Colleague: 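One structure, as structure tokens, below. Some questions next.
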2 protein chains.
Amino acid sequence: MLKEERHYHILDKIILNRKVLSADLSIELNVSEDTIRRDLNELSAKGLIKKVHGGALPLENNTPSYGERSTYNLEEKNIIAKKAVKIIKDGQVIIMSGSTTNLQLAKIIPSDINATIYTYSLPIALQLTEHPSIEIIFIGGKLHKSAQVTVGLDVVSSISELRADLCFMGTGGINTLNGMTEPDWEVSHIKKSMIAASEKVIVLCTKNKINDVKRYSVAPIHKIDTIVTDIDPNDPIFEDFKEKGVKIL
Amino acid sequence: MLKEERHYHILDKIILNRKVLSADLSIELNVSEDTIRRDLNELSAKGLIKKVHGGALPLENNTPSYGERSTYNLEEKNIIAKKAVKIIKDGQVIIMSGSTTNLQLAKIIPSDINATIYTYSLPIALQLTEHPSIEIIFIGGKLHKSAQVTVGLDVVSSISELRADLCFMGTGGINTLNGMTEPDWEVSHIKKSMIAASEKVIVLCTKNKINDVKRYSVAPIHKIDTIVTDIDPNDPIFEDFKEKGVKIL
DNA sequence: AATAAAAATGCATAAATTTGCGTGTTTGTA
DNA sequence: TACAAACACGCAAATTTATGCATTTTTATT
């Protein structure tokens, strides 16, 4: 493995885990700890990481911003984001909904991934501007202030003109009988159009949404390809989903 | 857990709870109280916290946030924004370009103003979400990362379908002979469409842009209704503009 | 190709940092 | 004043680090 490859690996891992240990990296990358230390020193000299005794940390220890600190269930959402980010392959076209889980996902997309991402969420778009190689297309429309996403017919019609490989979306509730459901009529329509436009549908949802049902239907269960959760994918709660052909991560 | 991780944890907790106790931290972070004390002493020596018997407290120091500190010419831009905000009348439809001056303007729109604002700038849209009564329409398209605005044909064609009372825009340069000019081809086209869509055109520009000329033409001087600047509107530099019927604020 | 120069890597060793604990001192409170 | 909690200090053990040097790999040049 080339030195530069190691450097990219280290940078990505720091973004993903908010820290790295020299000992871990030594095993992972199959080089001596000395080499890792030299790598960390170089990256630190370039001002890309903060080297500390035992490993390294990201530069501005991205103290979750004021708004985010209060985000409910942040830990669970990070677990989901870490699983989901591995689904993304180079060169894909992706649609992302405006959930906070998707925001966490946007933060940890490795820098060597090249993709086109459509989104209608202001915070996600803003976050993605920090990624070096992702092309971002913002879907315009009337802005919903508290959720900081665009909504309305403009959004639905824009999305229906797209063609994407993947879409990542949160959900209000999901079960095998009613499929995916949402409490908001407008959001349910936007998600319908996202699903229609995408080759594969990835649903990001925390445990408490499993087997929950909301007012408006979005899609039957067979339209969902993969559910990414914060708990063990072998949990018996997922048996029914697996029978219907849904992958669980 | 790395020493620095503990430090960040401690700082976070102090901000959140307004105090920390050594005994609590010792349990939380699973290290001895001695270690916690050493941590607190280090952070205190760095001037980040105030160490007291039993724990530590924040030292309230209201430093201006990083984003604001770094904006170039912020003072001038605020002067312009304060003059420009008075132009806005209740119920108007407004288009705003993506300049930092417009961002300052967005921050100080009085909360009793009711208006519809079209913009293609992420920071401006985000700022406006804090206003209670303004309706925001975001103009979608490909996102330009460093400027955090959407660009491209989508933007131009969206704007050309609009009809607005006012538009506020920055400029690359302006003089009476060449009118308004921009260094960027794409931006020049977006601004052309903004002008075509608006009843009145308000140009926000600092002194150094007056009588400057850039590569691409945007509009002849007679299309401009008002120029808002940071200097005295009676300055002789504006004589020519006034003769051509441009109002100076 | 052949070969020299440069860069990267691993190892041994000495130096440094970090941590917990024992000791005795200081502090806050009743 | 009494007394428990919090503290500073020194020390030892464990861990991490820097450094010099030998070996291997990569790169550039003839």
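Computed over heavy atoms, backbone and side chain alike; hydrogens, waters and symmetry mates excluded. Every chain is numbered from 1, with letters handed out A, B, ... down the list of sequences. Since this is a predicted model, take the numbers as computed values, not measurements.
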Colleague: Give the rounded distance in Å between these two atoms: CD1 of A/Ile36 and P of C/dA8.
Modeller: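 Spelled out: CD1 on A/Ile36 to P on C/dA8 is 14 Å.
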Colleague: Please report the distance, rounded to the nearest Å, between CG in A/Asp34 and P in D/dT23.
Modeller: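 After rounding, the gap between these two atoms is 17 Å.
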Colleague: Select one nucleotide: of D/dT19, D/dT16, D/dC7, the one nearest the side-chain heavy atoms of A/Arg38.
Modeller: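 Looking only at side-chain atoms, A/Arg38 lies closest to D/dT19.
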Colleague: In terms of side-chain geometry, is the basic nitrogen of A/Arg18 or B/Glu5 positioned less than 4.0 Å from the acidic oxygen of its partner?
Modeller: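 Not counted as a salt bridge, because no side-chain N and carboxylate O are separated by less than 4.0 Å.
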Colleague: Without decimals, in angstroms, what is the distance between A/Arg37 CZ and C/dA16 C1'?
Modeller: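 After rounding, the gap between these two atoms is 12 Å.
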Colleague: Base, sugar-phosphate alone, or nothing: which one does B/Asp39 contact when heavy atoms must sit under 4.0 Å apart?
Modeller: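 Contact class for B/Asp39: none.
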Colleague: In terms of side-chain heavy atoms of B/Thr35, which of D/dT17, D/dA18, C/dT19 is nearest?
Modeller: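 So the side chain of B/Thr35 is nearest to C/dT19.
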Colleague: Hey, does the side chain of A/Asn41 come within less than 4.0 Å of D/dT17's phosphate (OP1/OP2), counting only N and O?
Modeller: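 It does not, given that no N or O in the side chain of A/Asn41 lies less than 4.0 Å from OP1 or OP2 of D/dT17.
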Colleague: Looking only at side-chain atoms of A/Ser22, point me to the closest of D/dT17, D/dT19, C/dG20.
Modeller: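 Of the options given, the side chain of A/Ser22 lies nearest D/dT17.
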Colleague: Using whole Å, report how far CE of B/Met1 lies from P of C/dT17.
Modeller: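 In whole Å, C/dT17 P lies 22 Å from B/Met1 CE.
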Colleague: Expressed in angstrom and rounded to an integer, what is the separation of B/Glu4 atom CD from C/dT17 atom P?
Modeller: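 Spelled out: CD on B/Glu4 to P on C/dT17 is 13 Å.
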Colleague: Does D/dC7 have OP1 or OP2 under 4.0 Å away from a side-chain N or O of B/Lys51?
Modeller: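 Answer yes for this pair, as a side-chain N or O of B/Lys51 is under 4.0 Å from OP1 or OP2.
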Colleague: I want to check something: taking the side chain as every heavy atom from C-beta on, are A/Ile79 and A/Ile231 in contact at a cut-off of under 4.5 Å?
Modeller: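 No, too far: nothing below the 4.5 Å cut-off.
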Colleague: Both A/Gly54 and B/Val52 contact DNA chain D. Taking the nearest nucleotide for each, which residue is further toward the 5' end?
Modeller: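 The 5'-side residue here is B/Val52.
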Colleague: Nearest of C/dG10, D/dT15, D/dA6 to any side-chain atom of A/His53?
Modeller: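 Among the listed nucleotides, the one closest to the side chain of A/His53 is D/dT15.
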Colleague: Starting at CG of A/Leu29 and ending at P of C/dG10, how long is that distance when rounded to a whole Å?
Modeller: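 It works out to 11 Å between those atoms.
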Colleague: Could you go through B/Glu4 and A/Lys50, starting from their C-alpha distance and side-chain angles, then the distance that decides it, and tell me whether this counts as salt bridge (charged side-chain N to carboxylate O under 4.0 Å, His left out)?
Modeller: CA-CA 10 Å; B/Glu4 276 74 8; A/Lys50 179 177 182 186; 5.4 Å; no
Colleague: Is the distance between the ring centroids of A/Phe138 and A/Tyr120 less than 6.0 Å?
Modeller: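 No, the ring centres sit 6.0 Å or more apart.
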Colleague: If you check the B/Val31 side chain, which of C/dA12, C/dG20, D/dA8 turns out closest?
Modeller: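 Looking only at side-chain atoms, B/Val31 lies closest to C/dG20.
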Colleague: Expressed in angstrom and rounded to an integer, what is the separation of B/Leu21 atom CG from D/dA6 atom C1'?
Modeller: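 To the nearest whole Å, that distance equals 12 Å.
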Colleague: Grab the CG-C1' distance between B/Leu40 and D/dA6 for me, whole Å please.
Modeller: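 Between C1' of D/dA6 and CG of B/Leu40: 12 Å.
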Colleague: Starting the side chain at C-beta, find the nucleotide from D/dG20, C/dT27, C/dT19 nearest to B/Arg6.
Modeller: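 Selected nucleotide: C/dT19.
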Colleague: Whether B/Glu33 and B/Arg37 form a salt bridge (side-chain N of Lys/Arg under 4.0 Å from carboxylate O of Asp/Glu) is what I want to check.
Modeller: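 Salt bridge flag = yes for B/Glu33 with B/Arg37.
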